[in-house]
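Structure first, then comments.
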Number of protein chains: 2
Amino acid sequence: MVTKAKRAQRRTDALSKERIIETAIEILDAEGESALTFRALAARLTTGSGAIYWHVANKDDLLAAAASDVIARVVTDVSDGTEPREAVRRIALGVYDAIEAHPWVGTQLSREPWQFAVLRIFEAVGRQLQALGVPEPAQFDCASALVNYVLGLAGHRAAAARLLAPDTDRTAFLTAAAARWAQLDPGQYPFMRQVAVQLPGHDDREQFLAGIDLILSGIGEKLR
Amino acid sequence: MVTKAKRAQRRTDALSKERIIETAIEILDAEGESALTFRALAARLTTGSGAIYWHVANKDDLLAAAASDVIARVVTDVSDGTEPREAVRRIALGVYDAIEAHPWVGTQLSREPWQFAVLRIFEAVGRQLQALGVPEPAQFDCASALVNYVLGLAGHRAAAARLLAPDTDRTAFLTAAAARWAQLDPGQYPFMRQVAVQLPGHDDREQFLAGIDLILSGIGEKLR
DNA sequence: ACCTGAACACCGTTCAAGT
DNA sequence: ACCTGAACACCGTTCAAGT
């Protein structure tokens with residue numbers, strides 16, 4: 001006989017898209033992109049690997065949903081009433097920090113064309129541009145510029161995280177990269193060699209924000 | 001006995017990193033990213049799949065080298081004497097067109113952190129910023145903004161190409177996307193719904209360039 | 001309706017063995 | 001030094017069979 005308690009228990013244990021996504025995020029966060037397999041996921045959910053396909057179309061679908069989940073938390077958080085430029089900065093930094101915390105989201109964002117996670121960012125940014133008074137025909141271009149910039153960095157940070165052994169520290173990594181750049185052929189790579197000096201001391205997050213401000217300043221020019 | 005002719009023949013037939021990369025690019029261009037396997041590559045090179053590992057560390061190495069090859073052709077092409085802003089536009093469009101012609105390069109660029117292909121773009125852009133008179137401390141940030149923007153679009157276009165069935169035409173695809181956006185929840189996605197109208201008529205390449213100009217304009221502000 | 005888990009059709013990579 | 005190709009240790013996905 002199935003008691004009420006048992007049914008409640010069942011409902012919690014029952015497989016669902018939400019529970020699958022949640023568990024997928026746990027695995028991705030704890031063990032990285034390569035650890036997410038349907039077998040690992042099924043083991044963690046104490047079910048068969050085929051069962052997952054009842055709730056999720058395939059692995060791409062699962063990853064897209066997981067990324068969309070993480071981004072939704074970040075993007076919704078922008079409080080109203082803030083100055084539009086500042087709001088754009090916050091959205092961008094929110095995405096940046098989310099990728100820092102979940103590098104696999106970066107991979108996902110830069111692989112997705114017009115999936116939900118990206119739409120969410122696009123929408124949030126676009127609204128701020130409207131608030132800023134950007135004329136309608138230019139809004140699409142401006143939003144696209146901001147979003148593409150964010151996604152470019154997303155992919156980049158994710159790639160860096162993939163390379164970085166989990167225990168290496170950042171400064172050591174940057175110093176190593178700088179050393180490699182400093183050894184490039186001076187005839188072919190004068191700029192990289194010059195920049196190499198700045199690399200170890202530079203702050204990724206601030207550089208990211210500097211790029212946002214550059215684009216915002218370009219947008220500001222359009223408003224005059 | 002090994003005649004001179006035979007040795008020459010040997011030299012052409014012999015496996016080499018160059019020949020492997022060349023063949024890999026052929027496969028990637030003709031049949032897409034998923035078609036590049038070591039087995040397919042070995043078959044095309046009439047050799048064993050293990051032989052490839054003598055010349056190439058692994059698949060990542062191979063893909064990075066292939067992308068670097070394609071980008072090198074594009075980036076070197078910038079003739080001297082052009083106005084720096086125009087040169088930046090040409091570099092960016094060169095990368096854009098390369099990705100259009102070889103979508104797999106887009107995937108690769110957005111996955112690579114500081115690999116050769118990206119370094120090449122960074123270097124080319126950085127030099128133009130120097131020529132433009134951007135003060136040294138700001139050069140790194142400005143170059144990074146431009147490159148991240150380009151890479152963001154790279155990933156995006158590659159993803160779109162992955163989705164697009166090889167025979168679908170672009171306008172049909174955009175119209176379909178626009179229709180999907182128009183159906184989004186008006187409360188949650190007002191901006192996307194508004195932009196949906198502009199989507200079918202919009203030119204990706206021009207929008208890309210508009211973003212570059214936005215960043216260049218922001219950089220121009222710094223020069224005053 | 002939902003879940004099981006063996007089976008299928010692949011992968012990248014390794015490595016003893018050859019030339 | 002370079003190449004061969006079978007073998008290994010995986011994948012995502014499917015599907016007959018169960019409940």
Side-chain angles (χ1 to χ4, degrees), chain A residues 1-3 6-25 27-28 31-67 104 107-108 111-112 159 162-163, chain B residues 1-3 6-25 27-28 31-67 104 107-108 111-112 115 162-163:
Chain A
M1 183 200 149
V2 180
T3 64
K6 247 187 196 159
R7 234 187 291 134
Q9 174 67 22
R10 260 284 179 76
R11 208 176 296 135
T12 331
D13 280 11
L15 226 45
S16 66
K17 187 156 184 178
E18 291 77 49
R19 221 159 73 80
I20 291 170
I21 293 169
E22 194 187 318
T23 311
I25 292 178
I27 294 176
L28 287 163
E31 301 166 66
E33 305 176 42
S34 63
L36 184 70
T37 67
F38 276 71
R39 281 173 241 274
L41 196 51
R44 194 104 144 202
L45 291 161
T46 53
T47 179
S49 57
I52 296 164
Y53 283 88
W54 189 263
H55 299 95
V56 152
N58 52 37
K59 196 173 181 180
D60 274 354
D61 183 32
L62 175 58
L63 282 166
W104 57 272
T107 311
Q108 205 42 35
R111 279 184 55 93
E112 282 183 296
R162 224 178 289 127
L163 267 193
Chain B
M1 182 199 151
V2 179
T3 63
K6 248 188 196 158
R7 234 186 291 134
Q9 175 65 24
R10 260 285 178 74
R11 207 175 298 134
T12 330
D13 279 12
L15 226 47
S16 66
K17 187 157 183 177
E18 291 78 48
R19 222 159 72 78
I20 291 170
I21 292 169
E22 195 186 318
T23 311
I25 292 177
I27 294 175
L28 287 162
E31 300 165 66
E33 305 175 41
S34 64
L36 184 69
T37 67
F38 276 71
R39 282 172 241 273
L41 197 50
R44 194 105 145 201
L45 290 161
T46 54
T47 179
S49 58
I52 296 164
Y53 284 88
W54 189 263
H55 300 94
V56 152
N58 51 39
K59 196 173 181 182
D60 275 354
D61 183 31
L62 175 58
L63 282 166
W104 57 273
T107 311
Q108 204 43 36
R111 280 184 54 91
E112 283 184 296
Q115 304 289 82
R162 224 178 291 128
L163 266 195

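Hydrogens, waters and symmetry mates are skipped; everything else that's a heavy atom, side chains included, is used. Note on naming: letters A, B, ... go to the chains in the order of the sequence lines (proteins, then strands), and numbering restarts at 1 for each one.
In this structure, B:I27 CD1 and B:L41 CG are separated by 5.0 Å, a value rounded to the nearest 0.5 Å.
When all heavy atoms are compared, the tightest approach of B:A35 to B:A40 is O-CB, 3.7 Å. Here the closest non-hydrogen pair linking A:G48 and A:A42 is C-CB, 3.7 Å.
Side-chain contact check for B:Q108 versus B:E33: every heavy-atom pair is 4.5 Å or farther apart.
Between the side chain of B:R39 and the backbone N or O of B:S49, no donor-acceptor pair lies under 3.5 Å. At distances below 3.5 Å, not a single donor-acceptor pair connects side-chain atoms of B:H55 with backbone N or O atoms of B:I20.
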Return one dot-bracket line describing DNA chain C 5' to 3' (Watson-Crick or G-U wobble pairs, both distances under 3.5 Å; ( ) same strand, [ ] crossing, | another strand, . none).
||.|||||...|||||.||
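Atom P of nucleotide C:dC2 and atom NE2 of A:H55 are separated by 6 Å, given to the nearest angstrom. What separates CG of A:L41 from C1' of C:dG5 is a distance of 16 Å, to the nearest Å.
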Report, one line per pair, each donor and acceptor closer than 3.5 Å where one atom sits in a side chain of residues 56-66 of chain B; sequence neighbours left out.
from, atom 1, to, atom 2, distance (Å)
B:N58, OD1, B:D60, N, 3.2
B:N58, OD1, B:D61, N, 2.9
B:K59, NZ, B:L36, O, 2.8
B:D61, OD2, B:A57, N, 3.0

Just the atom pairs and distances: protein N or O near nucleotides 10-15 of chain C's N or O, under 3.5 Å.
from, atom 1, to, atom 2, distance (Å)
C:dC11, N4, B:R39, NH2, 3.4
C:dG12, OP1, B:K59, NZ, 2.6
C:dG12, OP2, B:F38, N, 3.2
C:dG12, N7, B:R39, NH2, 2.8
C:dG12, O6, B:R39, NH2, 2.9
C:dT13, OP2, B:Y53, OH, 2.8
C:dT13, OP2, B:K59, N, 3.0
C:dT13, O5', B:Y53, OH, 3.0

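The shortest distance between the side-chain N/O atoms of A:W54 and the OP1/OP2 oxygens of C:dC3 is not below 4.0 Å.
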